[in-house]
Amino acid sequence: MKKIIAFLTAAVIFLLPFSAFAQGEDGQMPEQETVNASQPRLMVVSYECDTLSPDKNSEVTVKLKNNSRNKNVYNIKLSLTEESGDIRPAEIGTEYVQEIKAGKTYEWQVQLTVAKTAASGEHKLNIAAEYEDEYYSQFSSSDVLPVTVVQSVSLDHSGFVLPKKAYNGRTVSLSVTFMNTGKSVVRNCRADIEVEGLKSPGTLFVGEISAGESAAASANLTVDEKYTGAAAGEAVIHYEDEQGNEYSETIELSTEITAPPQEEGESGEDAEKYPLWWLFLIVGAAAGAGAASAVILAVRARKSRLEDEKRL
């Protein structure tokens with residue numbers, strides 16, 4: 001019995017240090033550490049980007065925010081891509097960020113290049129983020145940013161020419177062909193024509209012309225019956241690009257307005273050259289009548305001689 005008691009006493013003495021270690025210095029049992037399993041959200045909260053064009057350097061500024069209240073994110077990789085490939089980062093298009101604290105933001109500026117063949121209109125930039133929390137758990141997020149690409153606008157034309165002479169009371173035709181030599185659609189193409197001495201047809205409307213296409217139009221202008229001399233004016237061409245920006249071009253027009261030429265046989269020069277034309281007409285008619293009478297008399301005389309010969 002004494003041996004059993006001695007053994008238990010020795011065991012208690014041996015285990016006392018371990019019990020104190022487990023309880024801590026204050027004798028209390030330590031609390032088990034709690035793991036924060038929430039997922040931090042790294043998102044784009046705003047961005048700035050002007051209209052993009054192949055003719056100029058462009059930049060997009062993206063602001064990302066760690067929306068977690070109490071969790072920092074680490075080892076962050078940012079990437080920018082565009083599906084069509086017409087918009088590309090000027091460099092590699094990625095960014096490394098060591099840390100973004102809970103509730104804080106980070107601004108990323110990316111230089112962009114636009115292909116000359118890029119379609120005009122809206123394109124979508126994809127912003128992707130890969131990151132970790134303090135427990136090395138991996139997360140990812142992505143956002144889509146709409147941006148606008150504008151191609152150059154160029155409109156050429158031919159045919160804006162009036163004839164050298166225009167005659168009172170008649171009409172002159174003006175035909176023109178518009179050619180879209182740019183890389184974007186031309187909208188609301190039209191021309192306003194104003195020339196002194198000519199009654200304007202108003203607005204010559206063509207409408208929309210696709211890139212690389214052409215469109216023809218014509219107008220008839222009536223010449224004032226009382227106006228004579230040099231007549232000057234202009235045609236003002238108006239058109240718009242796909243964003244509604246307006247463009248215009250002015251074409252100078254001119255012609256000479258005179259009285260219409262008289263028809264053949266009514267010329268004043270013929271009247272001056274033959275002032276007694278009516279006298280010649282009367283003489284000619286009289287000569288013709290005399291010749292006809294002489295022929296009739298001769299026929300009658302011959303017939304009379306033949307009858308006299310028969311009686312003999």
Side-chain angles (χ1 to χ4, degrees), residues 49-58 82-87 112-124 146-225 227 230-258 260:
C49 185
D50 294 334
T51 300
L52 305 178
S53 170
D55 303 325
K56 65 178 183 179
N57 295 327
S58 304
E82 193 268 332
E83 185 175 354
S84 70
D86 290 332
I87 302 174
L112 301 175
T113 61
V114 180
K116 293 183 177 181
T117 56
S120 296
E122 185 176 287
H123 291 247
K124 295 179 180 180
V147 294
T148 301
V149 172
V150 176
Q151 285 284 6
S152 60
V153 176
S154 179
L155 184 68
D156 202 356
H157 55 82
S158 64
F160 264 115
V161 180
L162 289 173
K164 292 182 179 180
K165 286 189 177 182
Y167 302 111
N168 299 111
R170 298 188 181 180
T171 60
V172 293
S173 296
L174 183 65
S175 298
V176 59
T177 300
F178 294 98
M179 297 159 284
N180 184 351
T181 55
K183 296 181 179 179
S184 63
V185 175
V186 169
R187 303 188 189 278
N188 293 326
C189 180
R190 60 199 185 278
D192 296 324
I193 303 171
E194 289 291 342
V195 181
E196 54 185 341
L198 301 179
K199 294 182 180 178
S200 172
T203 298
L204 188 64
F205 187 77
V206 177
E208 183 176 300
I209 308 175
S210 300
E213 300 294 328
S214 61
S218 62
N220 292 323
L221 295 86
T222 302
V223 184
D224 193 318
E225 294 182 355
Y227 188 97
E234 61 185 21
V236 182
I237 303 171
H238 304 275
Y239 58 98
E240 302 173 4
D241 61 20
E242 293 182 296
Q243 283 66 48
N245 300 313
E246 295 187 1
Y247 306 84
S248 64
E249 180 182 354
T250 300
I251 309 298
E252 300 296 331
L253 300 175
S254 64
T255 187
E256 182 78 19
I257 298 178
T258 64

Closest approach of Ser53 and Ser58, non-hydrogen atoms and distance?
N-OG, 4.2 Å
Does a side-chain N-to-carboxylate-O contact under 4.0 Å join Lys165 and Glu256?
no
Assess whether atom CD of Glu249 is packed by more than 12 heavy atoms of other residues, nucleotides or ligands within 6.0 Å.
yes
Pairing residues for Ser120 by the side chain to side chain donor-acceptor pair (under 3.5 Å) criterion, not counting sequence neighbours:
Glu242
Quick one: are Tyr167 and Val223 in side-chain contact, heavy atoms under 4.5 Å?
no
Under the side-chain contact (heavy atoms from CB on, under 4.5 Å) rule, what do Thr51 and Gln243 come out as? Steps first, then yes or no, please.
CA-CA 10 Å; Thr51 300; Gln243 283 66 48; 5.6 Å; no
Euclidean distance, Ser254 OG relative to Lys164 NZ, rounded to 0.5 Å
10.5 Å
Is there side-chain contact between Ile257 and Asp224, with at least one heavy-atom pair below 4.5 Å?
no
Ignoring hydrogens, what is the shortest heavy-atom contact between Pro54 and Val150? Give both atom names and the distance.
CD-O, 3.8 Å
Hey, are the side chains of Leu52 and His123 touching, using non-hydrogen atoms and a 4.5 Å cut-off?
no
With rounding to the nearest 0.5 angstrom, report the CG to CD distance, Leu221 to Glu194.
9.5 Å
So for atom CD, which belongs to Glu208, do other residues, nucleotides or ligands contribute more than 12 heavy atoms lying within a distance under 6.0 Å?
yes
Least distance between heavy atoms, Thr177 atom then Ser214 atom:
CG2-CB, 4.2 Å
Assess whether atom CG of Asp156 is packed by more than 12 heavy atoms of other residues, nucleotides or ligands within 6.0 Å.
yes
Side chains of residues 199-207: which donor-acceptor pairs under 3.5 Å do they make with residues two or more places apart or in other chains?
from   : atom 1 : to     : atom 2 : distance (Å)
Ser200 : OG     : Ile193 : O      : 2.6
Ser200 : OG     : Gly202 : N      : 3.0
Thr203 : OG1    : Asp192 : OD1    : 2.7

Can you check whether Lys116's main-chain N or O pairs, donor with acceptor, with Gln151's side chain at less than 3.5 Å?
yes
Test side-chain contact (heavy atoms from CB on, under 4.5 Å) on Leu162 and Val195 and set out the steps.
CA-CA 10 Å; Leu162 289 173; Val195 181; 4.1 Å; yes
Approximate separation, where rounding is to 0.5 Å, of Thr148 OG1 and Glu122 CD:
6.0 Å
Kindly determine whether Phe178 and Ile209 satisfy side-chain contact (heavy atoms from CB on, under 4.5 Å), including the steps that lead there.
CA-CA 8 Å; Phe178 294 98; Ile209 308 175; 3.7 Å; yes
Closest approach of Ala118 to Val114 (non-hydrogen atoms, all atoms of both residues):
CB-CG1, 3.8 Å
Work out which heavy atom in Val153 is nearest to a heavy atom in Ser184; give both atom names and the distance.
CG2-OG, 3.4 Å
Glu213 and Asn180, any side-chain heavy atoms less than 4.5 Å apart:
no
So Val149 and Ile87, do their side chains get closer than 4.5 Å, heavy atoms only?
yes
Do Asn188 and Tyr239 come within less than 4.5 Å of each other through their side chains, counting heavy atoms only?
no
Approximate separation, where rounding is to 0.5 Å, of Glu240 CD and Tyr247 OH
10.0 Å
Count the heavy atoms of every other residue, nucleotide or ligand shown that sit under 6.0 Å from NZ of Lys56, and state whether that count exceeds 12.
yes
Decide if atom CD of Glu225 counts as having more than 12 heavy atoms of other residues, nucleotides or ligands within a radius under 6.0 Å.
no
Close side-chain approach of His157 to Leu155, heavy-atom, < 4.5 Å:
no
Can you give me the closest heavy-atom contact between Asn168 and Tyr227, atom names plus distance?
ND2-O, 2.6 Å
For Thr181, check side chain to side chain donor-acceptor pair (under 3.5 Å) against everything at least two apart and list the hits.
Ser154
Rounded distance (nearest 0.5 Å) linking atom CG of Asp50 with atom CG of Leu112
11.0 Å
Residues Glu252 and Thr250: side-chain donor-acceptor under 3.5 angstrom
no
